[in-house]
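Letters A, B, ... are given to chains in the order of the sequence lines, protein chains preceding strands, and every chain is numbered from 1.
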There are 2 protein chains.
Amino acid sequence: MAENLERTNLPVAAPVHDGRLARGSRTRQALLDAAFFEIYEQGFRSASLNEIIRKAGCTKGSLYHHFPDKHALGLAAVADHMGAHIDQTWIEPLARTDDPLTSIRLIIKRYANEEQGIDPLRGCPFQNLSQEMSGIDKDFQSYFTDLFNRWRGAIAAALARGQAKGTVRKDIDPECVATLVVASHQGITSMIKATQDRNVGQAAATAFFDYLDSLRP
Amino acid sequence: MAENLERTNLPVAAPVHDGRLARGSRTRQALLDAAFFEIYEQGFRSASLNEIIRKAGCTKGSLYHHFPDKHALGLAAVADHMGAHIDQTWIEPLARTDDPLTSIRLIIKRYANEEQGIDPLRGCPFQNLSQEMSGIDKDFQSYFTDLFNRWRGAIAAALARGQAKGTVRKDIDPECVATLVVASHQGITSMIKATQDRNVGQAAATAFFDYLDSLRP
DNA sequence: TAATAAATACCAACTGGTCGGTTTGTATAA
DNA sequence: TTATACAAACCGACCAGTTGGTATTTATTA
């Protein structure tokens, strides 16, 4: 139990009684949460600090007490929410399976069923933000590259394990397939958002699942 | 001939000599071009009208003489540039082939070789804009949906023709595969932009070409 | 008291958009 | 051919509102 807590990246729960630190960390977390959702919906540049402090229920002074500027707030908010999502949704399930193709299929299905806390019509946070910020901000860009590499690496490792266990064809390159899996996932969520039509996702998923099956021995 | 001219929506080519109309349409086109590239690079909301008129070499008054507001300018600029690109790159080549899988492979290769006038590190204009504007603007959204449907429809029709001619497996659903082709293309360009690394595209393309080959009889 | 946290008031810069007025090209008519 | 009338094209100062960010003051608690 203690080990589980240690392994998470989530901040240790603040003490229930009011104190200087507790109050401060609550305000800080409220700012992180509000910033993440505002940035998720509006994008970083269009996200308004005034709206963020309104949602967080605090003032400009508080914000600039906890963060030096908008850039730092955005980066902190993104890291606080997005890394955990990829970890829980992709990396952990893939780490303990010998049949990665089935696992990938299951994960994608969960997105389609909207069990991942992501509204497909609003797009994937990773997708939304990396599209906007890559190429204009080095810090965001390198964070996304790292996250992407962890994501792709976890899929590739699982595929290689599948090859060893006989659940995946041995003549495919795990790295290349892993990259295509991530790209397809991103592309499908992107098309759903672009058309505002969930059926597009169903159609693409049908073909994508056929592709996954073609990777079996 | 007259019929052909009537069918196009393009403005009749402006006379070379200077005249009221010629000057006006040149300014208008300069605004459309400047707006498109500014919007392509910055996104619609972050695109600055002041920057657009600076690039176009005209003034606020000119801009608002030709367009009622930023929204109309953006829509006109996008329609002026993006529809033509999809037509030339995808729809026309696919319309006259009986071997669509080879054609698709060739088109994607041209993107990778940067022969399409698109810098992969800056992303695909369709991708960039549809991500930003879908869900927050009905006009942009329906334009993108239409364009997407034409795009997907052209691929599906070519695939069906391939099935009839024996170059494509008969047990696949052209609509679903076409959707996945578009989604994968979008996803791959998206990942290249996100990581700012062209090699990611190479890896994904390798796996994607294997997928295309798996669709042959 | 000392230090942290939060609130208030404010700033310059920039946003999309407006408006009165000027320039430019063309059609008409003497 | 030249003067006149007119409208399209263009200009740039200006508007109200918003942006991210700052300086100062007040409240809270160890």
Exercise for review: For Phe67(B) and dA9(D), give me the distance from atom CZ to atom P, rounded to whole Å.
Suggested key: 12 Å
Check your understanding: Can you tell me how far P of dT8(C) sits from CG of Leu63(A), to the nearest Å?
Key -> 15 Å
Review point. Taking only residues two or more places apart in sequence, or in another chain, which ones meet Glu51(A) in a salt bridge (charged side-chain N to carboxylate O under 4.0 Å, His left out)?
Key: Arg54(A)
Revision key, fill the gap. Protein heavy-atom contacts under 4.0 Å, written 5' to 3' over nucleotides 12-23 of chain D as B (base), S (sugar-phosphate only) or - (none), form the string B------SBBB-
Review point. Atom NE2 of His65(B) to atom C1' of dC19(C): distance rounded to whole Å?
Key: 15 Å
Point to revise | d(CD, Gln42(B); P, dC14(C)) in whole Å | key: 14 Å
Revision key, fill the gap. Rounded to whole Å, the CD1-C1' distance (Ile53(A) to dT8(C)) equals 11 Å
Check your understanding: So, is His66(A) close to the dT4(C) phosphate, meaning a side-chain N or O under 4.0 Å from OP1 or OP2?
Key -> no
Revision key, fill the gap. Of Phe36(A), Phe126(A), Tyr40(A), the one forming a ring-ring contact (aromatic ring centres under 6.0 Å, His included) with His81(A) is Phe36(A)
**Study point:** Pairwise side-chain contact, Asp197(A) with Thr145(B), heavy-atom cut-off 4.5 Å (strictly under)
**Key:** no
Review point. Can Lys70(B) be said to sit on top of Phe44(B)'s aromatic six-ring, NZ or CZ under 6.0 Å from centre and within 45° of the ring axis?
Key: yes
Exercise for review: Just jot down the salt bridge (charged side-chain N to carboxylate O under 4.0 Å, His left out) partners of Glu114(B), sequence neighbours excluded, or say none.
Suggested key: Arg198(B)
Point to revise | Aromatic ring proximity, centroids under 6.0 angstrom, Trp151(B) and His185(B) | key: yes
